[in-house]
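Heads up: the structure comes next, in structure tokens.
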Amino acid sequence: MVAAVATIGGVQVVTIPLSDYAELLEAQRELAEMRSVADLRKRRSRSPLDQDREVVAFLAERFGRMPVRCVLEQCRSVHGDKRTPSKSAAYRLWQRLRGGSQSGPLDKPPV
């Protein structure tokens, strides 16, 4: 790549061959595409529970009204084993629904 530097209107510019410019544009496009794919991967939740709104609504209606063990038993009977989250996933959901607050004993889920 042979480049020539010049100043036009007080702004430094570089002149490069058109083929080099095309390669740079292609590399910039590929980089932008890779970043957008990476952003999508970052944003997507890995929890299958986040993809199942019906189960989340079912759990949210019952959290705080009965022990989590009972909530999960009911969920299992209504939605089946495959759609029922683990106890730890249920507690994480409960915390997210409560805004992540852990300020005191009232914020702990019933056992």
Side-chain angles (χ1 to χ4, degrees):
M1 177 187 305
V2 179
V5 179
T7 302
I8 300 175
V11 176
Q12 253 189 341
V13 295
V14 177
T15 306
I16 61 172
L18 185 58
S19 60
D20 291 345
Y21 179 70
E23 286 179 33
L24 287 172
L25 283 179
E26 179 62 19
Q28 185 179 26
R29 186 197 60 75
E30 288 174 4
L31 180 61
E33 189 175 300
M34 286 189 295
R35 284 182 178 159
S36 68
V37 168
D39 286 347
L40 286 174
R41 285 186 182 150
K42 245 191 277 184
R43 281 186 243 138
R44 186 168 182 260
S45 172
R46 293 186 305 174
S47 171
L49 191 54
D50 289 340
Q51 311 304 318
D52 196 340
R53 291 182 181 191
E54 185 180 6
V55 171
V56 170
F58 181 89
L59 297 172
E61 289 173 359
R62 289 159 178 78
F63 284 150
R65 295 186 178 163
M66 62 181 69
V68 171
R69 176 181 40 78
C70 295
V71 172
L72 292 176
E73 286 172 6
Q74 285 184 2
C75 185
R76 196 167 285 108
S77 68
V78 173
H79 299 289
D81 286 336
K82 195 168 186 172
R83 291 177 66 193
T84 299
S86 66
K87 187 175 176 183
S88 58
Y91 276 112
R92 286 191 301 271
L93 173 65
W94 191 87
Q95 279 301 114
R96 278 199 326 254
L97 292 172
R98 303 248 327 151
S101 172
Q102 295 182 8
S103 61
L106 294 177
D107 288 334
K108 292 185 179 173
V111 178

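Source: prediction; values computed, not measured.
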Item to complete: Looking only at non-hydrogen atoms, find the nearest pair between F58 and V71 and report the distance.
Response: CE2-O, 4.1 Å

Worksheet entry | Distance in Å, T84 OG1 paired with K82 NZ, rounded so as to fall on 0.5 Å steps | 12.5 Å

Practice prompt. Answer yes when R76 and E73 have at least one side-chain N-carboxylate O distance shorter than 4.0 Å, and no when they do not.
Written response: no

Discussion item. For the CD atom of E23 and the OG atom of S19, what is their distance to the nearest 0.5 Å?
Written reply: 6.0 Å

Worksheet entry | Reference residue P85; test side chain to side chain contact (heavy atoms under 4.5 Å, CB included); the match among L93, D52, V55 | V55

Discussion item. Check this for me, if you would: do R96 and D50 make a salt bridge, where the nitrogen-to-carboxylate-oxygen distance has to be below 4.0 angstrom?
Written reply: yes

Worksheet, complete the sentence: The reported gap from CZ in R62 to CG in L72 (rounded to nearest 0.5 angstrom) is 11.5 Å

Discussion item. A cation-pi test, strictly: NZ or CZ of R65 under 6.0 Å from the centre of the six-membered ring of F63 and no more than 45 degrees from its axis. Yes or no?
Written reply: no

Worksheet item: Does the S86 side chain pair with the main chain of A89, one donor and one acceptor, at a distance under 3.5 Å?
Response: yes

Discussion item. Return the NE2 to CD distance between H79 and Q74, rounded to the nearest 0.5 Å.
Written reply: 10.0 Å

Fill in: Candidate pair L59 and V68, rule side chain to side chain contact (heavy atoms under 4.5 Å, CB included), full reasoning
CA-CA 9 Å; L59 297 172; V68 171; over 6 Å; no

Worksheet item: To the nearest 0.5 Å, what is the distance between CD (E33) and CD (Q28)?
Response: 13.0 Å

